[in-house]
Visitor: 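Sharing a structure with you now.
Order of the sequence lines sets the chain letters (A, B, ...), proteins ahead of strands, with each chain counted from 1.
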Amino acid sequence: AEAGDAPIKIGVSIPSADHGWTGGIVWWANKAVDDIKAEQPGVFEFRVVTADSPSSQVRNVEDMEVWGMEYLVILPHESAPLTPIVKQVQSSGVRVFVIDRGLTDTSFGYVNIAGDNTALGTNSGKWLREQMAAQGLTNYVAMGGLPVTIDTERMDAFFTEMNKDSSLINLLGGNNYEFADWSTQKGLSLMETFLQKYRKIDAVFCQDDDVLLGVLQAIKESGRTDVKIALGGAGSKVVYKMIMDGDPLVKATATYHPSMILDGIHYATEVATGERSDDFHDASSPVTVTIPSVLVDASNVADFYEPESIY
Amino acid sequence: MKETQSGPYVLETQHITKEFSGVRVLDDITVGIRSGEIMGLIGENGAGKSTLIKIICGIYQPTSGSVSLEGTPVEINDYIKAKRLGIALVPQEFNLINTLTVWENMFLGNEIITATRLLNKKQMRSRAGKQLEELGMPLDVNLKISDLSVAEKQQVEISKALLLNAGILIMDEPTTTLTGHEIRTLFTLMRRLKAQGVTIIFVSHKLGEIKTICDRVTVLRDGKLISIDEIADINEHDIARKMIGRDFTQVFPKKKVRTGDDIILSAEHLVSGRVLKDVSFDLRRGEILGFAGLVGSGRTETAETIMGLRPLSAGRVTVNGKSVHIQNARDAVDLGIGYLSEDRQGKGIVQDFDIPQNITMISLKRYLKNFLIDKGTELEKSSEYVRKFNIVAASMKMGLRFFSGGNQQKVYLARWVDTNPSILILDEPTRGIDVNAKKEIYDFIHSLAEQGISCIVISSEMEEVMGLCSRIYVMKEGRVTGCLEGDRITEEEIMFHATGIQGEVFDER
Amino acid sequence: MNDNTITHDNRSLWSLIVRAVKGFRFSEHSTGMAFIILFLLAIIVGWPNFLRIRNLVNILRQISYTGIIGLGMTMVIISGGIDLSVGSMTAFVGGITIFFLNLFPGDSHMAVLAAGLFAVLFGAFSGLFNGLLVTKGRIAPFIATLGTMSIFRSLIQYFSGAGNILSENTFYPEVGAGSVLGLPVPVWMFFIIAAILHIVLNNTRFGRYICAVGANEQVARYSAVQVLKIRLIPYIITGATVGVTALLWSSRLNSINSSDCIYYELDAIAAVVIGGTAMTGGKGTVIGTVLGAIMLGMINNMLVLGGVSSYLQQAAKGLVIIAAVLLQYNKKN
Amino acid sequence: MNDNTITHDNRSLWSLIVRAVKGFRFSEHSTGMAFIILFLLAIIVGWPNFLRIRNLVNILRQISYTGIIGLGMTMVIISGGIDLSVGSMTAFVGGITIFFLNLFPGDSHMAVLAAGLFAVLFGAFSGLFNGLLVTKGRIAPFIATLGTMSIFRSLIQYFSGAGNILSENTFYPEVGAGSVLGLPVPVWMFFIIAAILHIVLNNTRFGRYICAVGANEQVARYSAVQVLKIRLIPYIITGATVGVTALLWSSRLNSINSSDCIYYELDAIAAVVIGGTAMTGGKGTVIGTVLGAIMLGMINNMLVLGGVSSYLQQAAKGLVIIAAVLLQYNKKN
Ligand SMILES: Nc1ncnc2c1ncn2[C@@H]1O[C@H](COP(=O)(O)OP(=O)(O)OP(=O)(O)O)[C@@H](O)[C@H]1O
Ligand SMILES: Nc1ncnc2c1ncn2[C@@H]1O[C@H](COP(=O)(O)OP(=O)(O)OP(=O)(O)O)[C@@H](O)[C@H]1O
Ligand SMILES: [Mg+2]
Ligand SMILES: [Mg+2]
């Protein structure tokens with residue numbers, strides 16, 4: 001709907017940058033806002049608000065509702081705590097765009113631009129399984145992020161895929177894996193310990209490209225040559241570069257890219273300016289736009305690498 | 001001792017006035033101190049002695065007036081400056097760090113360092129030890145302050161100031177917890193310092209001490225300067241009169257002749273910690289029982305053990321004929337026992353609490369109305385004590401932190417009195433209390449005894465135990481060495497049992 | 001208030017006002033002053049939305065969760081302790097409460113009532129655990145509760161499989177999401193508990209004793225105060241307030257996530273300290289904590305309403321907190 | 001160590017040992033006892049990998065980052081303060097240092113040297129900022145550094161656009177990833193700084209004064225100690241140690257992420273407290289902190305080597321921390 005004089009108010013609620021990927025979210029959100037402001041000056045008014053916890057994110061949404069937002073783009077910290085408040089603002093007329101994590105209630109109308117955690121796990125698992133089989137490798141170690149819902153989804157999908165090949169042995173046994181907190185440093189020290197614990201490690205899956213940097217550092221410093229494959233995830237700029245440059249260990253990554261927040265904000269502005277329909281709002285279930293997780297390797301990395309991006 | 005010095009005063013306060021939030025506690029004080037003299041400073045509790053001293057030491061700033069040294073006015077902004085100007089202070093309240101050792105405390109702010117700017121621990125230890133020995137207190141300098149008795153802390157505090165080798169030494173009630181023996185050693189030392197040209201300001205509530213050691217005496221009353229006299233021109237009686245502004249005579253009330261026969265509290269072979277080795281005694285109803293002994297003889301430990309504040313390793317305590325197991329102070333209070341600690345600062349008052357809060361601390365249960373504290377009654381009762389004990393307070397709502405030492409002590413005493421004890425153990429009850437108030441407290445202890453309340457008085461002032469008590473136990477090195485009664489209560493007897501040496505009697509007068 | 005105020009015969013309104021103004025000690029009401037200044041600032045920055053009733057109610061509800069815990073924390077801090085575990089404990093107690101609630105078959109108000117009681121009791125019990133470590137175990141409160149912070153979080157992650165615990169009772173949200181007389185239930189609870197603890201602190205023996213113990217444990221012990229007990233109970237109270245918050249939060253969402261309530265301890269402690277309670281113990285006020293919590297909420301609110309750059313929001317929050325405490329400058333000596 | 005130990009004439013090895021054992025005061029060395037017990041436990045749980053030299057070196061390197069900060073934190077805590085901002089400050093200082101390094105064109109060792117100096121000075125300067133807030137601003141350390149924690153984090157996120165800051169100097173990693181005589185550079189730094197601060201604490205006036213100020217500020221003032229100065233300097237020292245860690249960490253990976261070094265404050269403080277330093281200030285040892293940091297590292301290591309369920313690792317860590325402190329039971333009175 002074309003607004004008259006008053007700018008259209010769009011609220012963007014995202015987690016604060018507590019690791020590399022969320023840092024990327026903050027960066028891409030701000031980039032989207034800056035781009036749009038430059039292209040269409042005066043049409044929109046934005047609030048980009050970060051939250052360090054689900055409860056402070058609830059606060060932020062409440063505050064933005066008072067501010068008078070007409071559109072809400074939100075990447076929930078956790079689904080369950082945010083669902084009631086999002087549902088409430090939706091029912092008061094705010095158009096809602098939920099990024100990445102879906103809500104626990106799917107009985108009202110919003111757009112869900114979903115990253116695909118399961119696909120990340122599946123893609124990673126499938127690629128790793130095939131690579132290992134091809135090279136005759138059997139041992140691998142795995143690291144999760146933090147014990148939260150999305151992490152569980154990724155890891156479950158990953159292991160499901162890996163377990164399809166019984167020749168592969170997960171050294172940590174079944175689904176028992178360590179958490180690297182999506183932090184480079186934790187990845188580093190965890191890998192150091194793994195390298196002590198296991199005489200021979202063929203491959204590492206750590207699910208996140210920040211963690212991967214730490215893992216690689218640990219391998220490098222240990223001087224061990226047994227590790228043949230190191231697989232992260234999400235698709236950071238640094239890792240793309242490594243794939244492009246033909247890194248011996250890093251050959252792929254499954255995308256789960258923070259630029260999805262940009263897609264969400266663009267979606268919202270397009271609805272606001274009437275370029276896209278807002279039918280979804282009155283529907284009785286969300287419209288889901290899944291951003292697929294793509295496996296990026298040497299063959300397609302050039303399409304994904306964006307040097308000016310922060311992540 | 002009598003010769004008067006001429007020339008400019010080494011230290012002079014000129015028209016010093018000090019107000020705390022509008023209340024004037026010092027009013028136009030001009031006092032000159034001559035080089036190399038010992039100036040006594042005396043006055044009732046809250047007269048302003050400590051405040052005057054703190055101004056000289058830069059801890060407080062005067063509202064108006066100035067301090068000059070050798071005739072030139074100086075601005076002393078803090079104690080650091082005062083120290084630099086050669087002023088050393090033995091404060092009234094302890095200023096020692098509990099977690100540090102004796103020698104570390106003595107050299108705090110005054111460390112000896114080596115050429116490489118590191119601490120010269122060896123030298124500091126040995127000098128600290130020597131200094132203490134000079135005071136007649138051969139204390140292990142490696143002990144933590146928290147392990148010392150109050151008297152020992154006092155010694156450390158004095159030694160600390162002496163180590164500064166200052167030209168002006170100010171001592172705010174240094175003798176309150178010392179026994180005669182230590183006081184005598186201290187006086188010897190003061191005389192020696194004086195001979196070396198050190199100027200000393202000496203505060204005490206004991207008139208005898210003033211008369212003995214001082215060259216001149218300054219009397220303050222209600223923040224006003226009353227007089228400065230050569231000590232030879234004035235006797236104890238006059239000093240007291242000037243202090244309180246009226247005639248003052250008899251200190252001790254007449255001793256009670258006979259007390260009840262029933263034993264209300266008895267201790268049998270108490271052993272506790274490393275200090276208390278074997279203590280037995282009986283306390284009768286309505287009796288005022290004394291405990292004498294040298295510093296560190298274990299009197300305080302005895303009291304604290306009975307109160308359940310220290311673990312009892314062996315022995316038995318009987319109250320009213322029933323054997324009791326007192327685990328903590330609450331148990332003791334429930335049995336009607338009260339204990340006024342000698343360590344007012346560390347174990348007595350809560351600095352941030354006001355008068356009512358401090359007084360009702362133990363007896364608070366009685367002020368409850370529907371589970372809530374009835375603040376009206378609390379205030380009323382406290383005001384009663386303020387009147388009864390003559391507590392000088394600007395406001396009932398002021399934190400005790402801002403009270404003079406003696407007034408704090410009175411509040412502390414009121415707290416125990418308010419528990420309506422049947423047995424009250426008073427450890428150095430008149431510590432830092434002026435003569436007049438002392439008399440009031442003595443009278444009060446007496447009236448307690450009259451009402452059938454039994455009191456134990458632990459005191460380092462021999463005069464006090466002797467004047468007050470009908471029976472005296474003497475302790476030495478954690479054991480009771482004697483029980484004196486009637487005619488046998490003499491200084492000679494007490495000293496004999498306290499030291500094991502016949503004839504060592506202390507009388508400075 | 002001030003004992004030696006001269007009593008006037010003239011009891012006119014004017015003289016009363018003059019007396020009140022004169023008797024008002026700025027140094028003692030500095031938290032109130034900081035509050036007023038911040039409030040005015042928020043009105044300007046958040047104009048015109050800040051002053052809307054709806055917004056003010058929102059702020060109150062937002063801060064009530066950590067605010068309630070802050071009330072208990074006030075007691076702990078005055079008694080000379082600290083409790084870093086409250087955040088994890090809230091998630092833990094909330095999760096276990098939902099497990100408990102789900103034991104009751106079918107929807108029933110009785111079950112909700114039982115769960116409410118359970119939450120408070122279980123919270124108090126968890127607080128007792130902290131308290132025992134500190135008192136009987138003689139572990140420094142900071143480290144003991146740092147330990148239990150990990151333990152509570154770990155346990156709820158374990159029980160929930162690092163995911164959500166959902167309640168099956170549809171009445172449950174009535175507790176946390178409900179309103180009474182226009183004010184949300186959490187806000188009511190916040191004010192009611194504040195009133196109770198205010199009275200406890202100022203008008204009961206226990207309150208007097210926690211101040212004494214916090215100010216000087218040794219003195220308290222010599223004054224027949226049962227120090228260990230007095231130091232223990234504040235942890236139980238805090239546990240109970242955690243229970244209340246766990247109840248309110250989990251029932252509002254009808255679920256709990258194992259990563260919920262993170263950083264609650266920081267907000268709760270910040271509210272207490274901004275409210276003028278000394279970290280060293282011995283003195284403090286419940287009203288201060290209430291004001292402190294609201295101030296924190298206002299800061300957050302005005303940053304959002306005012307549109308501060310998302311990178312600098314945290315910095316702005318830090319600055320305002322520091323400024324709010326600086327305003328209380330006079331307080332310290 | 002003990003002055004009044006009787007001096008024997010017989011100076012045989014045996015008598016020396018007997019004397020050492022007799023002179024050993026268990027209550028004073030309880031941190032050492034806890035360390036030994038934990039070490040034995042780690043050997044068992046982590047058998048056989050734990051005892052490998054490589055693993056031990058790894059542990060040392062892992063803990064050296066927060067350990068170094070813990071050394072500075074020891075000073076702050078003994079002086080009666082606390083610094084919660086160290087984690088954010090590390091990321092902040094590290095990021096700015098890389099910016100600084102990148103100012104120098106081309107690879108040069110000179111630039112690395114300059115950056116090293118810069119990191120320490122800039123860290124000290126950031127610490128000075130904290131210290132001034134606490135001393136001149138008279139803000140409670142907990143709240144002041146809680147504020148600067150947000151501020152530092154916010155600033156580095158702002159400067160880095162919430163992402164990575166990469167160094168362009170290929171010599172830079174030689175600092176943080178290098179080894180000397182078989183020990184990684186960070187470990188050397190950890191031990192060297194520990195030795196220096198140990199001497200500062202035990203053998204200098206300043207060390208004595210921070211104990212005094214931490215134990216009783218009032219008394220220290222009456223002993224002519226310049227209290228404000230003494231309380232300020234530990235924050236500067238901590239800032240400098242943060243600078244060292246920032247240098248070591250950023251150079252190891254030749255980059256810094258704005259979200260790096262989160263929770264460093266908790267690890268640093270935990271090391272200090274496990275090492276036996278009292279949170280209330282006044283006493284503590286540098287050696288204790290070294291042992292405390294290593295203990296924390298061992299706990300992490302053995303949990304992973306021993307294959308403890310990852311959900312419960314946090315709980316196990318919390319429990320072991322509590323147990324380690326409980327072992328020091330006697331210490332408290
Ligand atoms: N910081 C302060 N604030 C307010 N009043 C104070 C302060 N310090 C002292 N006073 C008041 O000043 C008066 C004088 O106190 P001061 O300590 O000088 O007495 P004193 O002569 O040393 O008494 P004592 O013999 O009991 O030690 C007292 O009434 C006391 O309450
Ligand atoms: N907490 C403690 N730890 C170790 N030793 C102590 C402790 N308290 C007191 N002592 C020692 O116990 C001895 C007896 O002290 P106590 O205070 O009982 O003596 P006292 O007879 O009351 O003497 P004073 O006149 O000094 O009060 C002293 O030598 C003292 O050093
Ligand atoms: Mg005095
Ligand atoms: Mg004694």
Side-chain angles (χ1 to χ4, degrees), chain A residues 9 11-18 23 25-27 29-30 33-34 45-69 76-85 88 92 104-105 144-153 155-156 175 179, chain C residues 46 48-59 61-63 65-66 87 90 153-154 156-158 160-166 173 176-177 245 249-250 252-264 266-267 297 300-314 317:
Chain A
K9 291 181 170 176
V12 181
S13 172
I14 49 181
S16 52
D18 52 11
I25 288 288
V26 178
W27 189 85
N30 278 292
V33 167
D34 292 343
E45 192 181 346
F46 287 98
R47 286 284 186 275
V48 182
V49 189
T50 60
D52 57 11
S53 63
S55 28
S56 64
Q57 195 168 22
V58 172
R59 286 184 184 190
N60 291 342
V61 175
E62 287 178 347
D63 290 345
M64 288 195 293
E65 191 189 9
V66 169
W67 166 65
M69 68 175 166
H77 245 283
E78 279 290 342
S79 304
L82 270 305
T83 300
I85 182 69
Q88 180 206 315
S92 72
T104 49
D105 184 342
L146 281 170
V148 294
T149 320
I150 51 167
D151 190 78
T152 314
E153 287 171 13
M155 295 311 281
D156 286 352
N175 287 336
F179 294 110
Chain C
N49 299 305
F50 177 77
L51 271 185
R52 288 187 216 285
I53 297 288
R54 173 68 197 273
N55 190 48
L56 298 176
V57 171
N58 270 351
I59 293 178
R61 179 168 52 194
Q62 287 163 6
I63 55 102
Y65 302 102
T66 49
T90 312
R153 182 66 70 191
S154 220
I156 189 62
Q157 279 170 357
Y158 182 74
S160 70
N164 288 301
I165 303 171
L166 303 173
T245 295
W249 181 249
S250 67
R252 183 168 176 199
L253 305 173
N254 214 17
S255 70
I256 204 114
N257 187 285
S258 61
S259 62
D260 269 357
C261 311
I262 199 164
Y263 299 127
Y264 269 26
L266 289 186
D267 275 357
N300 212 56
N301 185 261
M302 94 186 146
L303 291 179
V304 175
L305 293 182
V308 174
S309 151
S310 49
Y311 291 123
L312 294 179
Q313 274 163 21
Q314 281 299 99
K317 189 170 169 183

Visitor: So for A:T152, is it side chain, backbone, both, or neither that comes closer than 4.5 Å to the heavy atoms of chain C?
Guide: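 The side chain, not the backbone.
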Visitor: What part of A:E62 gets within 4.5 angstrom of chain C, counting heavy atoms only: side chain, backbone, both, or neither?
Guide: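 Answer is both: backbone and side chain atoms of A:E62 are under 4.5 Å from chain C.
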Visitor: Under a 4.5 Å heavy-atom cut-off, does chain A meet the side chain of C:S250, its backbone, both or neither?
Guide: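 No part of C:S250 comes within 4.5 Å of chain A.
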Visitor: What's the separation between atom CD in A:E65 and atom CG in C:N49, rounded to the nearest 0.5 Å?
Guide: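 It comes to 11.0 Å.
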Visitor: Of all residues at least two apart in sequence or in a different chain, which pass the ring pair (Phe, Tyr, Trp, His ring centres under 6.0 Å) check with C:Y264?
Guide: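 By the ring pair (Phe, Tyr, Trp, His ring centres under 6.0 Å) rule, C:Y264 matches no residue at all.
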Visitor: C:N257 versus chain A, heavy atoms under 4.5 Å apart: side chain, backbone, both or neither?
Guide: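 Answer is side chain: those atoms of C:N257 sit under 4.5 Å from chain A.
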Visitor: Could you tell me which residues satisfy side-chain hydrogen bond (donor to acceptor under 3.5 Å, both in side chains) with C:Q157, sequence neighbours excluded, listed by chain and number?
Guide: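 None.
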Visitor: Scan side-chain atoms only and decide if C:Q62 and A:D63 contain a donor-acceptor pair under the 3.5 Å cut-off.
Guide: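 Checked: C:Q62/A:D63 side chains pair up, N/O donor to acceptor below 3.5 Å.
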Visitor: Checking side-chain contact (heavy atoms from CB on, under 4.5 Å) between A:R59 and each of C:N58, C:N300, C:N301, which is the one that passes?
Guide: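 The option that passes is C:N300.
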Visitor: Where on C:D267 is there a heavy atom nearer than 4.5 Å to chain A: the side chain, the backbone, both, or neither?
Guide: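 Contact with chain A is through the side chain of C:D267 alone.
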Visitor: Looking only at non-hydrogen atoms, find the nearest pair between A:P84 and C:L253 and report the distance.
Guide: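 Taking every non-hydrogen atom into account, CG-CD2, 3.4 Å.
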Visitor: List the atom of C:Y263, the atom of A:D52, and the distance in Å for their closest heavy-atom pair.
Guide: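 Heavy-atom minimum between the residues: CE1-O, 3.5 Å.
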Visitor: Looking at A:V66 and C:R54, what are the two nearest heavy atoms and their distance?
Guide: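 Answer, listing the atom of A:V66 first, then C:R54: CG2-CG, 4.3 Å.
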Visitor: Please confirm whether the backbone N or O of C:V304 pairs with a side-chain atom of A:R47, one donor and one acceptor, at under 3.5 Å?
Guide: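 Present.
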Visitor: C:W249 and A:V58: side chain to side chain contact (heavy atoms under 4.5 Å, CB included), yes or no, with the steps?
Guide: CA-CA 11 Å; C:W249 181 249; A:V58 172; 4.0 Å; yes
Visitor: I'd like to verify something: which residue of A:A80, A:P81, A:G11 has the highest number of heavy-atom pairs under 4.5 Å with chain C?
Guide: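 Heavy-atom pair counts peak at A:P81.
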Visitor: Where does A:Q57 contact chain C at under 4.5 Å (heavy atoms): side chain, backbone, both or neither?
Guide: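 Neither part.
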